[in-house]
J.: 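Structure below; questions to follow.
None of the values given here were measured: they were computed from a predicted structure.
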There are 2 protein chains.
Amino acid sequence: MRLSELFKALGDVTRLRIILALDQGEMCVCDLAAFLGVTESAVSHQLRLLRQLHLVANRRKGPILYYRLDDDHVSQLVHIGLVHIRE
Amino acid sequence: MRLSELFKALGDVTRLRIILALDQGEMCVCDLAAFLGVTESAVSHQLRLLRQLHLVANRRKGPILYYRLDDDHVSQLVHIGLVHIRE
DNA sequence: TTTATATATGAGTATCTGTTCATATATTTG
DNA sequence: CAAATATATGAACAGATACTCATATATAAA
């Protein structure tokens with residue numbers, strides 16, 4: 001089911017932290033890894049999933065890939081979620 | 001992490017189908033089970049999780065428990081999600 | 001072209017999770 | 001109280017999943 005895949009993607013702590021980080025602005029893989037305190041491999045694996053679901057997109061600058069949120073909905077989902085848990 | 005728990009709850013097909021069903025109106029456990037084609041036990045287990053996260057609430061009418069979505073955010077999340085996947 | 005840096009990917013594994021099955025609790029009726 | 005119906009819950013097992021580690025690819029610089 002397409003919709004549950006979307007929420008499942010946001011339902012993992014590492015992936016959600018990636019999304020929250022990118023909500024602040026674009027970031028490359030190595031900075032994401034350092035910021036989150038996980039290996040670059042782990043981040044890369046999760047970014048692939050997020051990419052496939054069009055939650056994130058990237059642009060290349062030389063050897064570096066800068067990731068960003070793919071569209072507004074992602075940010076909207078996160079923020080409504082944040083409102084929900086304040087209760 | 002609180003926020004990822006929320007999304008994880010929506011990330012399971014059975015639970016999400018429960019949410020989608022309740023978005024149409026309240027329903028009792030046995031009707032939900034019949035509607036979704038799963039055992040009442042399975043539904044009940046998932047409803048407990050959804051209850052703990054305040055995604056659903058219930059009211060008792062005799063021996064029957066009618067479940068409903070707990071607040072607007074739930075519905076909002078689902079609908080934004082639906083918009084996202086149409087792309 | 002060799003080396004270095006940045007990222008991606010596949011396989012393997014340990015952990016997590018959803019269902020099933022048996023049983024318990026609650027409410028109503030006889 | 002006994003029986004019937006509706007729901008909840010615990011334990012156990014099968015399948016899913018996120019990380020690790022080794023390796024591959026890509027770009028840039030020497």
Side-chain angles (χ1 to χ4, degrees), chain A residues 1-22 25-70 74 78, chain B residues 1-22 25-70 74 78:
Chain A
M1 194 189 194
R2 197 82 182 289
L3 187 57
S4 67
E5 295 300 314
L6 168 62
F7 288 122
K8 185 179 293 181
L10 299 173
D12 172 72
V13 181
T14 301
R15 286 190 296 264
L16 184 55
R17 290 177 69 214
I18 290 174
I19 297 290
L20 291 170
L22 296 182
E26 65 176 12
M27 218 181 280
C28 68
V29 178
C30 63
D31 286 350
L32 269 173
F35 178 68
L36 302 178
V38 300
T39 67
E40 299 182 6
S41 177
V43 173
S44 188
H45 274 293
Q46 302 303 356
L47 282 172
R48 170 154 72 149
L49 212 173
L50 295 174
R51 237 186 297 128
Q52 289 168 340
L53 294 172
H54 305 289
L55 293 173
V56 304
N58 60 37
R59 72 182 173 87
R60 182 179 284 281
K61 178 88 176 279
I64 300 176
L65 284 172
Y66 289 97
Y67 278 86
R68 62 175 183 279
L69 299 188
D70 196 345
V74 186
V78 168
Chain B
M1 195 191 194
R2 196 84 183 287
L3 187 57
S4 66
E5 296 298 316
L6 168 61
F7 289 121
K8 185 179 293 180
L10 299 174
D12 171 72
V13 181
T14 302
R15 286 190 297 264
L16 183 56
R17 291 178 68 215
I18 290 173
I19 297 291
L20 290 170
L22 297 182
E26 66 178 10
M27 219 182 281
C28 68
V29 178
C30 61
D31 286 349
L32 269 173
F35 179 69
L36 302 178
V38 300
T39 67
E40 299 182 7
S41 177
V43 173
S44 188
H45 274 293
Q46 303 302 358
L47 283 171
R48 171 154 71 149
L49 212 173
L50 295 174
R51 236 185 298 129
Q52 289 168 341
L53 294 172
H54 304 289
L55 292 174
V56 304
N58 60 37
R59 72 180 172 88
R60 183 179 283 282
K61 178 87 177 278
I64 300 178
L65 284 172
Y66 289 96
Y67 277 85
R68 62 175 182 279
L69 299 188
D70 197 344
V74 187
V78 168

J.: Counting distance only, does the side-chain N/O of Arg15(A) pair as donor-acceptor with the main-chain N or O of Lys8(A) below 3.5 Å?
T.: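 Yes; judged by distance alone, with no hydrogens or angles, the pair exists.
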J.: Figure out the CD/C1' separation between Glu5(B) and dT17(C), and round it to whole Å.
T.: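 Rounded to whole Å, this separation is 12 Å.
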J.: Please test Gln46(B) against Ile18(B) for side-chain contact (heavy atoms from CB on, under 4.5 Å), starting from the C-alpha separation and ending with a verdict.
T.: CA-CA 9 Å; Gln46(B) 303 302 358; Ile18(B) 290 173; 4.0 Å; yes
J.: Can you check side-chain contact (heavy atoms from CB on, under 4.5 Å) on Ile19(B) and Val56(B), steps first, answer last?
T.: CA-CA 8 Å; Ile19(B) 297 291; Val56(B) 304; 4.0 Å; yes
J.: Cut-off 3.5 Å, side chains only: do Tyr66(A) and Arg60(A) have a donor facing an acceptor?
T.: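 The criterion, which ignores hydrogens and geometry beyond distance, is not satisfied for Arg60(A) and Tyr66(A).
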J.: Check the pair Leu20(A) / Met1(B) against side-chain contact (heavy atoms from CB on, under 4.5 Å), numbers first and verdict last.
T.: CA-CA 12 Å; Leu20(A) 291 170; Met1(B) 195 191 194; 3.4 Å; yes
J.: Between P on dT9(C) and CG on Leu50(A), what's the gap in Å once rounded to a whole number?
T.: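 The answer, rounded to whole Å, is 13 Å.
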J.: For a side-chain contact (heavy atoms from CB on, under 4.5 Å) check, start with the C-alpha distance between Asp70(A) and Leu55(A), then their side-chain angles and the critical distance, and finish with the verdict.
T.: CA-CA 5 Å; Asp70(A) 196 345; Leu55(A) 293 173; 5.7 Å; no
J.: For a quick test of reading the model: is some side-chain N or O of Ser41(B) closer than 4.0 Å to OP1 or OP2 of dT20(C)?
T.: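 No, Ser41(B) has no side-chain N/O under 4.0 Å of OP1/OP2 on dT20(C).
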J.: When rounded to the nearest 0.5 angstrom, what distance separates CG in Asn58(A) from CG in Leu47(A)?
T.: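 Going from CG on Asn58(A) over to CG on Leu47(A), the span is 8.5 Å.
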J.: Quick check: closest heavy atoms across Leu32(A) and Ala21(A), and the distance to 0.1 Å?
T.: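 That closest heavy-atom pairing would be CD2-CB, 3.9 Å.
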J.: Is there a residue in residues 55-67 of chain A whose heavy atoms reach under 4.0 Å of DNA chain D, and which residues are they?
T.: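 Here the set is Arg60(A), Gly62(A), Pro63(A).
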J.: Can you confirm whether the side chains of Tyr67(B) and Arg51(B) place a donor and an acceptor under 3.5 Å from each other?
T.: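 A donor-acceptor contact under 3.5 Å links the two side chains.
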J.: List in numerical order all residues of residues 42-49 of chain B for which some heavy atom is under 4.0 Å away from an atom belonging to DNA chain D.
T.: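 Output list: Ser44(B), His45(B), Arg48(B).
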J.: Please find the earliest and latest nucleotides of DNA chain D, in the 5' to 3' direction, that have an atom within less than 4.0 Å of any heavy atom of chain A.
T.: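 Boundary nucleotides touching chain A, in 5' to 3' order, are dT17(D) to dA28(D).
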J.: Has Arg68(A) got a side-chain atom pairing as donor or acceptor with Leu22(A)'s backbone, closer than 3.5 angstrom?
T.: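 No: the side chain of Arg68(A) does not pair with the backbone of Leu22(A).
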J.: Please give, in whole Å, the distance from dC16(C) P to Asp12(B) CG?
T.: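 It works out to 18 Å between those atoms.
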